[in-house]
There are 2 protein chains.
Amino acid sequence: MVVNRVLEVTLVELGRVGLERLSVPEVAERAGVNKTSVYRRWPTKQHLVKAALQQSMEATTRPPETGALGSDLASLASSLAEFITSPTGLGIVRTVMADGDSAEAKALTATMWRGPARDLPRAALEQAISRGELKPDTDVELLLFTVAGAIMHRVFIERARVDDAWLKRLVKLLSEGAGKKPGRHHARSM
Amino acid sequence: MVVNRVLEVTLVELGRVGLERLSVPEVAERAGVNKTSVYRRWPTKQHLVKAALQQSMEATTRPPETGALGSDLASLASSLAEFITSPTGLGIVRTVMADGDSAEAKALTATMWRGPARDLPRAALEQAISRGELKPDTDVELLLFTVAGAIMHRVFIERARVDDAWLKRLVKLLSEGAGKKPGRHHARSM
DNA sequence: ACGCCTTTGCAACTCGAAGTTGCGAAGCGA
DNA sequence: TCGCTTCGCAACTTCGAGTTGCAAAGGCGT
């Protein structure tokens, strides 16, 4: 089918040139398809991008990816990093962040974070809590988002590689914290 | 002068509609200026945006803003949040992240993170270390970037408010860590 | 094989926004 | 007043997005 090839190319293009410079005719050409065929299914660039992102979310969150983690913080961060740096992830993040129109973007974001994509990492962290690796009162969602945010900053702002060494530092910071606790009287967690 | 008004409007527009939908003629109209006057100074949209971002960086990093912090983690996070959620910050982040062309974007990012914008928070954190509020071996840059990344995720992905309550949770996570070991033996996270 | 329906390719078209140009009118310092 | 620069204005060119009509496949049941 033409559909899959076009959507796949769309994702790659999103990650490559961003939403701004994404051209429907060019996507068609790279997919080896006439632009008319693309326009008939997806009237505008926005529709095409939306479809591409939605399919990729369904495709990548069903099986493993974000979910195939050993369920400690390190492997969770690793999985998240792998997802964000994938063509799909690059396209999604770039697109969602670039679009100031909150209506579309917010709906898309909501779609993204429903289902396995949200529940699996969450469950993994809660499992880590019950295994005693994390504090019982850990703010799971915040921790998850902070990892994602740090990776995003690394990729999009610093434009540096997300390698194991860096991930290790990130995990260390998030698990141990930066505050100087040892040897102080300190208002312990409630 | 016309210049200042145009660049200011450009920043606001960047934060409002993003780079994708930013229109030079519309910027001109909102600034109460003829589009020809804009085009004469800045040949293309890219030039205009670049100029607007550069000026705003110079304007916002000289005096207080990111630097006017009481120098502990909480006020640093607060300052960073204020900057990122400002029209300027929104415009910068959106633009830099949306542009897949690494040449332009990377140069811009490099420009942004040079000078006071980079040094002041860094100095603040190191000061906090010497005051004994943070661990001596704290990864200052990583901590700084993680705070920024978390805020970005909050603003652009979750699209939720960055208020004091949330900032407090973030600071708590980053200073105490999520790992279950109150300062006992050393770094052995994985 | 036949007809039927849908999908695709192709080329020519419309349309609107981006960016250009020439000229005339202000502004402003000497 | 002169001379230089900057701005407004309107008409223009250009280019890419999206459209349309038609013909050529392709799939599918009979």
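Just so it is clear, the values below take in all heavy atoms, side chains as well, and ignore hydrogens, waters and symmetry mates. In what follows, chains carry the letters A, B, and so on, assigned in the order in which the sequence lines appear, proteins first and then strands, with residues in each chain numbered from 1. Because the structure is a prediction, the values reported are computed rather than measured.
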Pick one: which of B:Leu144, B:Leu143, B:Val147, B:Val171 meets side chain to side chain contact (heavy atoms under 4.5 Å, CB included) with B:Leu76?
B:Leu144
Under the side-chain hydrogen bond (donor to acceptor under 3.5 Å, both in side chains) rule, collect the residues that match up with A:Asn4, sequence neighbours excluded.
none
List in numerical order all residues of residues 6-14 of chain B for which some heavy atom is under 4.0 Å away from an atom belonging to DNA chain D.
none
My understanding is that only residues two or more places apart in sequence, or in another chain, count here; which of them pass ring pair (Phe, Tyr, Trp, His ring centres under 6.0 Å) with B:Tyr39?
none
Qualifying residues under salt bridge (charged side-chain N to carboxylate O under 4.0 Å, His left out), relative to A:Lys45, sequence neighbours excluded
B:Glu20
Okay, side chain of B:Thr138, backbone of B:Val140: is any donor-acceptor separation there less than 3.5 Å?
no
Salt-bridge present (B:Arg169, B:Asp163; N to O < 4.0 Å):
no
Quick one: do B:Val12 and B:Leu19 end up in the same hydrophobic cluster if we chain Ile, Leu, Val, Met, Phe, Trp and Tyr together by side-chain heavy atoms under 4.5 Å apart?
no
What is the distance, rounded to the nearest whole Å, between atom CD of B:Glu20 and atom C1' of C:dA17?
13 Å
Under the 3.5 angstrom rule, does the side chain of A:Arg94 hit a backbone N or O of A:Gly18 as a donor-acceptor pair?
no
For A:His47 and D:dT19, give me the distance from atom NE2 to atom P, rounded to whole Å.
11 Å
Can you list the residues that meet the side chain to side chain contact (heavy atoms under 4.5 Å, CB included) rule with A:Val33, with sequence neighbours excluded?
A:Val2, A:Val6, A:Ala31, A:Ser37, A:Val38
Which letter, B, S or -, goes with each nucleotide of nucleotides 23-28 of chain D from 5' to 3', with contact meaning a protein heavy atom under 4.0 Å?
------
Go through B:Met152 and B:Met97 one step at a time and tell me if the side-chain contact (heavy atoms from CB on, under 4.5 Å) criterion holds.
CA-CA 11 Å; B:Met152 282 168 38; B:Met97 297 200 52; 3.7 Å; yes
Qualifying salt bridge (charged side-chain N to carboxylate O under 4.0 Å, His left out) pairs with a residue from residues 28-43 of chain A, counting only residues at least two apart or across chains:
A:Glu13-A:Arg30, A:Glu26-A:Arg30
Might you list the N or O atoms of the protein lying below 3.5 Å from N or O atoms in nucleotides 5-8 of chain C, with each pair's distance?
| from | atom 1 | to | atom 2 | distance (Å) |
| --- | --- | --- | --- | --- |
| C:dT8 | OP1 | A:Arg41 | NH2 | 3.2 |
| C:dT8 | OP2 | A:Arg41 | NH2 | 2.5 |

Just to verify, what does B:Glu158 make a salt bridge (charged side-chain N to carboxylate O under 4.0 Å, His left out) with, not counting sequence neighbours?
B:Arg154
Given A:Leu14, which of A:Leu90, A:Leu53, A:Val27 fulfils the side chain to side chain contact (heavy atoms under 4.5 Å, CB included) condition?
A:Leu53
Got a sec, which residues hit side-chain hydrogen bond (donor to acceptor under 3.5 Å, both in side chains) with B:Glu126, two or more places apart in sequence or on another chain?
none
Looking at A:Ser78 and A:Ala74, would you say the former's side chain and the latter's main chain have a donor-acceptor pair under 3.5 Å?
no
Close N/O contacts between protein and nucleotides 18-20 of chain C (under 3.5 Å):
| from | atom 1 | to | atom 2 | distance (Å) |
| --- | --- | --- | --- | --- |
| C:dA18 | OP1 | B:Ser23 | OG | 3.1 |
| C:dG19 | OP2 | B:Tyr39 | OH | 3.2 |
| C:dG19 | N7 | B:Lys35 | NZ | 3.2 |
| C:dG19 | O6 | B:Lys35 | NZ | 2.8 |

Per-helix bend value, the helix from C:dA1-D:dT30 to C:dA30-D:dT1, C1' rotation axes over five pairs per end, 10° rounding, shows 20°
